[in-house]
There are 2 protein chains.
Amino acid sequence: MIVRQAANVLEIMEFFAQTRKPATLAEIADHFGWPRSSTFNLLATLSEKGYLYEPRPRAGFYPTPRWLAMARMISEVEPLPPWTHTLIADLSAETGETASIVAPAGVSAVFIDVVESQAAIRYFATIGHRVPIHATASGRALLLQYSPEERDSVYRKIEFKQYGPSTPISIEAVEAELRNSISRGYCQSFADYSRDLAGAAIPLPIGDRRLSVVVAGPEFRIGPKVAEVAALIARTVDRLRPKTAA
Amino acid sequence: MIVRQAANVLEIMEFFAQTRKPATLAEIADHFGWPRSSTFNLLATLSEKGYLYEPRPRAGFYPTPRWLAMARMISEVEPLPPWTHTLIADLSAETGETASIVAPAGVSAVFIDVVESQAAIRYFATIGHRVPIHATASGRALLLQYSPEERDSVYRKIEFKQYGPSTPISIEAVEAELRNSISRGYCQSFADYSRDLAGAAIPLPIGDRRLSVVVAGPEFRIGPKVAEVAALIARTVDRLRPKTAA
DNA sequence: GGAAAATGTACATATATGTGAATTTATCTG
DNA sequence: CAGATAAATTCACATATATGTACATTTTCC
């Protein structure tokens, strides 16, 4: 069950992150199609808690810097080592595609750092983006780091859907693809989840965290050179990852 | 009316900002005294939206860097000019007390930047902290920048409460204090709102934004030297504020 | 300067939602 | 490796909650 008002908080914040300017109650209510009275309650709650204020009279609400302060607190812990950002920055620069660091979240894989391609046609992904763990290169690079039992427990929660022609729609199909990935030396995906989207990924264990790196873009650009891209990823990781310990 | 689940989202994030480590469903539920099933729904919603993930298997949830990305977006707009932070940093260093930049939010004043005192006994305030606009030095320094009509409209929404012995409990009392502040050259408050708390504040208009600076601390330390502190604030603003235009 | 339009606020009520109990899944212990 | 214990999910139902309606206030426009 989805908690509506919790989701609404996030939506409001995303709204402000997009528009980047104060908005009145009426504007917000209209934008989302919410009743004024409900919007009123939500804004009042957020204000009450110190997360919204009124920068100038009658110009509406805007988030306080408290969000930033809180987010900084949260993200200071176990930040990714700096070289991982260099990694995806380099990969994106060299391939011209979008590169990301990905972490597990139940049956999904979450993008926790992203450097976007500069190309006009590109894979558009942002931090926080979620994709099915079994139907993407990045997700499978995570699954490779699981024990068979752990994978089983994930599989049982997956709702297998035919996202595209090549989506694996059974446990056995996923396991088969994982075996292929091992012998191939990297994970790949061709429109398994998103139409026209292809990617290459490899596991990226850091400490006891199970992460993966992925380079993804339109099938017609990535397709012909997956192997090449995968090799580049591996080389770049080798170059940047500190040699001391794992 | 307060929107419970909206508030809960904020509480969860504050919880993570404090503990700074992943937490399981059970831990979170116990911490807040929430039913597990409700906690489950909330966590599922936040995960679904890409704001929580599971850094390592079975170790529970933690916020994704998406919070940081969003907060950065939001705060990049009209950030406070850098000299305002220098201002409160200097004030806090010189007085040994907590110094803040404050903005209006309806009948409240919100702390939008804070440098805390290092003293053992100190005014504990964080970004996002809210205080009644009429019963605090910082708030009254905001009201001074309003037109009489605007003040009226604020007054009508205020619930006058006797927070302390000297709290102004009528419109006339507030207006009188504002007149005093003008002739005095600064705003002050002695336990008008919080017991033992005293402060000195002056208006700090920046562009068309109505802000104020306040230095606050325990009454016994601030009390004897309010005038001195107020003069210091004024001098420091003079020194740091760029001379070009207002 | 006055009327109309837009915005913000309060409240009772129907209903969407949170929750207790039951069920399943994972983890620990001897 | 059972059996026990704890954690995570599911689900039906009572109730806390979102909203329609009405009212107040502010702003706009003529």
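Numbers restart at 1 for each chain; the letters A, B, ... are given by sequence-line order, proteins then strands. It should be emphasised that the depicted structure is a prediction, and the values quoted were computed from it without experimental measurement.
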Original post:
How many Å lie between CZ on A:F40 and C1' on C:dA6, as a whole number?
Top reply: 16 Å
Subject >> Residue met sooner reading DNA chain D from 5', once B:R156 and B:I2 are mapped to nucleotides >> reply: B:I2
Original post:
According to a strict under-4.0 Å criterion, is A:K157 in side-chain N/O contact with OP1 or OP2 of D:dT9?
Top reply: yes
**OP:** Examine D:dA18: is either OP1 or OP2 under 4.0 Å from a nitrogen or oxygen in the side chain of A:Q5? Give yes or no.
**Re:** yes
Subject >> Watson-Crick and G-U pairing of DNA chain C written in dot-bracket, each distance under 3.5 angstrom, with | for inter-strand partners >> reply: ||||||||||||||||||||||||||||||
**OP:** With sequence neighbours excluded, tell me which residues meet ring-ring contact (aromatic ring centres under 6.0 Å, His included) with B:F16.
**Re:** B:Y62
Original post:
ring-ring contact (aromatic ring centres under 6.0 Å, His included) with A:Y193: which residues, sequence neighbours excluded?
Top reply: A:Y163
Subject >> Atom-to-atom span, CD of B:E48 to C1' of D:dT9 - whole angstrom >> reply: 15 Å
Original post:
What residues form a salt bridge (Lys or Arg N to Asp or Glu O under 4.0 Å) with B:R209, not counting sequence neighbours?
Top reply: none
Subject >> B:I158 CD1 to C:dT9 P, straight-line distance once rounded to whole Å >> reply: 14 Å
**OP:** Rounded off to whole Å, could you give me the CD1-to-P distance for the B:I28 and D:dT9 pair?
**Re:** 12 Å
**OP:** Check the distance between C:dA26's P and A:E150's CD and give it to me in whole angstrom.
**Re:** 11 Å
Subject >> D:dT19 OP1/OP2 closer than 4.0 Å to side-chain N/O of A:R4 >> reply: yes
Subject >> Value in whole Å for how far the C1' atom of D:dT26 lies from CD of A:E54 >> reply: 14 Å
Subject >> All side-chain contact (heavy atoms from CB on, under 4.5 Å) counterparts of B:A105, not counting sequence neighbours >> reply: A:Y53, A:E54, B:V110, B:R130
Subject >> Residues in ring-ring contact (aromatic ring centres under 6.0 Å, His included) contact with A:F40, at least two apart in sequence or another chain >> reply: none
**OP:** Applying side-chain contact (heavy atoms from CB on, under 4.5 Å), name anything that partners A:Q162, two or more places apart in sequence or on another chain.
**Re:** A:T167, A:I169
Original post:
Closest nucleotide of DNA chain D for B:E27 versus for A:N41: which of these residues is on the 5' side?
Top reply: B:E27
**OP:** Give me the residues of residues 31-38 of chain A where at least one heavy atom lies under 4.0 Å from an atom of DNA chain C, by number, or none.
**Re:** A:R36, A:S37
**OP:** Under the ring-ring contact (aromatic ring centres under 6.0 Å, His included) rule, collect the residues that match up with B:Y51, sequence neighbours excluded.
**Re:** B:W67
Subject >> Rounded interatomic separation in angstrom, taking CG from B:L25 and P from C:dT24 >> reply: 19 Å
**OP:** Determine whether A:E14 and B:R66 make a side-chain contact, defined as any pair of heavy atoms from C-beta on separated by less than 4.5 Å.
**Re:** yes
**OP:** Test ring pair (Phe, Tyr, Trp, His ring centres under 6.0 Å) on B:H134 and B:F160 and set out the steps.
**Re:** CA-CA 9 Å; B:H134 67 289; B:F160 288 96; 5.1 Å; yes
Original post:
Roughly how many Å is it from CG in A:L42 to C1' in D:dT17, rounded to a whole number?
Top reply: 12 Å
